[in-house]
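Inspection log for the structure reproduced underneath, given as structure tokens.
What you see below is based on every heavy atom in this structure, not just the backbone, and it leaves out hydrogens, waters and symmetry mates.
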Amino acid sequence: MTTLIKTTPVAYAQAGYEVDWDIVNQREVAIHFDGKDAELKRTSTIGVTDVSCLDRFGVKGKGAADWLVKQGVALPEQANTWLETDNTLVLRLGMSEFLIEAQPDNDVCKKLEQAIKEHPKDVYYVARADASFYISGDNVLDMFSELCKLDLSDRVFKFGDVLMTQVADISATLTHQAINSKQIYRLWCDGTLGAYMWKVLHQLATEHGGGAVGLSIYFPNK
């Protein structure tokens, strides 16, 4: 059987760059843009990475929390917060809706997709087709000040919070977390607007001394 390879929602906006591509979760994604040293430098200034290839699973309903716990998924206790365990990120979008995202080589989302086919009571699958980004570096808040009306500094936007807001006039979900000891902001938006969001983020990152960063900076085996 032929495996269907898809591109991420962001990939066609990167077509004009010097890009090395690879397949992650049956999605073609940019793993290198320039040399490693240049990309690492950008992560310290402003680096923007397309991570739309990561597996995601959405679920909601009054039975969703109990069902996820029975599947072995650890949950944040409060609404609009996140928790990460065993390379699995769980966002609690309200008390009864959840977004689960797995790092490469973690099959938790695939297992949940199989489990929900048993139609558990009061649990409803939510299709997720997000564009998603890692955004890192010392100048990130300067960039976000041009894109978002809210204060995203640490004193307001706490580590562990989930924020639903507008970024570049697009509805987006934000978190502030760490990946492989790197402090980053995470951003999810509608996949149909992913290419536009990439162009905006990349343009501003470049203006602030940063730029595009490939997936392999965060996941060296990819």
Can you tell me how far [atom2] of [Y] sits from [atom1] of [X], rounded to the nearest 0.5 angstrom?
X: Glu113; Y: Lys117; atom1: CD; atom2: NZ; answer: 8.0 Å
X: Leu83; Y: Gln177; atom1: CG; atom2: CD; answer: 11.0 Å
X: Ile184; Y: Ile135; atom1: CD1; atom2: CD1; answer: 9.0 Å
X: Ser44; Y: Gln183; atom1: OG; atom2: CD; answer: 12.0 Å
X: Leu91; Y: Glu84; atom1: CG; atom2: CD; answer: 10.0 Å
X: Thr175; Y: Asn80; atom1: OG1; atom2: CG; answer: 12.5 Å

> Any side-chain donor-acceptor pair under 3.5 Å between Asp151 and Ser153?
Replying inline: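 Distance-only check passes for Asp151 and Ser153.
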
> Is it true that the side chains of Ser171 and Gln166 contain a donor and an acceptor less than 3.5 Å apart?
Replying inline: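 Judged by distance alone, the side chains do pair up.
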
Please check if the side chain of [X] supplies one atom and the backbone of [Y] the other of a donor-acceptor pair under 3.5 Å.
X: Ser216; Y: Ile31; value: yes
X: Asp161; Y: Lys158; value: yes
X: Ser136; Y: Thr43; value: yes
X: Glu39; Y: Gly214; value: yes
X: Arg42; Y: Ala212; value: yes

Closest approach of [X] to [Y] (non-hydrogen atoms, all atoms of both residues):
X: Arg92; Y: Pro76; answer: NH1-O, 2.6 Å
X: Val59; Y: Leu68; answer: CG1-CD1, 3.7 Å
X: Asn139; Y: His208; answer: ND2-O, 3.1 Å
X: Thr45; Y: Gly210; answer: CG2-N, 4.1 Å
X: Pro9; Y: Gly191; answer: CB-O, 3.2 Å
X: Glu101; Y: Arg186; answer: OE1-NH1, 2.7 Å

Within a strict 4.5 Å, meaning less than it, do heavy atoms of the [X] and [Y] side chains meet?
X: Phe144; Y: Leu204; value: no
X: Leu112; Y: Val73; value: yes
X: Leu152; Y: Val140; value: no
X: Ile116; Y: Pro120; value: yes
X: Cys53; Y: Leu215; value: yes
X: Lys110; Y: Asn25; value: yes
X: Leu201; Y: Met143; value: yes
X: Phe133; Y: His202; value: no

> Checking side-chain hydrogen bond (donor to acceptor under 3.5 Å, both in side chains) for the pair Thr192/Asp190: CA distance, chi angles, key distance, verdict?
Replying inline: CA-CA 5 Å; Thr192 63; Asp190 187 322; 2.8 Å; yes

With hydrophobic residues grouped by side-chain heavy-atom distances under 4.5 Å, do [X] and [Y] end up in a single group?
X: Val10; Y: Val213; result: no
X: Tyr218; Y: Leu40; result: yes
X: Tyr185; Y: Leu193; result: yes
X: Trp67; Y: Tyr125; result: yes
X: Trp188; Y: Val162; result: yes

> Parallel, tilted or perpendicular: which fits the ring planes of Phe159 and His176, with parallel below 30° and perpendicular above 60°?
Replying inline: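 The arrangement is perpendicular - the two ring planes meet at more than 60°.
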
> Using the ring of each side chain (for Trp, its six-membered ring), is Phe219 parallel, tilted or perpendicular to Tyr134, with breaks at 30° and 60°?
Replying inline: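 Rings of Phe219 and Tyr134: tilted, 30 to 60°.
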
Just wondering, are more than 12 heavy atoms of other shown residues or ligands nearer than 6.0 Å to [atom1] in [X]?
X: Asp169; atom1: CG; answer: no
X: Asp122; atom1: CG; answer: yes
X: Glu207; atom1: CD; answer: yes

> Where do Lys149 and Thr165 land on the side chain to side chain contact (heavy atoms under 4.5 Å, CB included) test, with the steps shown first?
Replying inline: CA-CA 9 Å; Lys149 295 179 181 178; Thr165 185; over 6 Å; no

> Out of Asp86, Thr88, Asn87, which residue meets the side-chain hydrogen bond (donor to acceptor under 3.5 Å, both in side chains) rule with Asn106?
Replying inline: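 The single option meeting the side-chain hydrogen bond (donor to acceptor under 3.5 Å, both in side chains) with Asn106 is Thr88.
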
> Stepwise, does the side chain to side chain contact (heavy atoms under 4.5 Å, CB included) test hold for Arg27 with Asp55?
Replying inline: CA-CA 10 Å; Arg27 300 176 186 93; Asp55 276 343; 3.3 Å; yes

>> Looking only at the aromatic ring of each residue, does the gap between the centers of Phe98 and Trp82 stay below 6.0 angstrom?
In response: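 Distance test on ring centres: not under 6.0 Å, no.
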
> Between Val29 and Ser52, does a side chain to side chain contact (heavy atoms under 4.5 Å, CB included) hold up when you go through it step by step?
Replying inline: CA-CA 8 Å; Val29 64; Ser52 307; over 6 Å; no

>> Give me each pair satisfying salt bridge (charged side-chain N to carboxylate O under 4.0 Å, His left out) with a member in residues 123-139, each pair once, sequence neighbours excluded.
In response: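 Every salt bridge (charged side-chain N to carboxylate O under 4.0 Å, His left out) pair that includes a residue of residues 123-139, provided the two are not neighbours, is Arg56-Asp130, Arg128-Asp130.
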
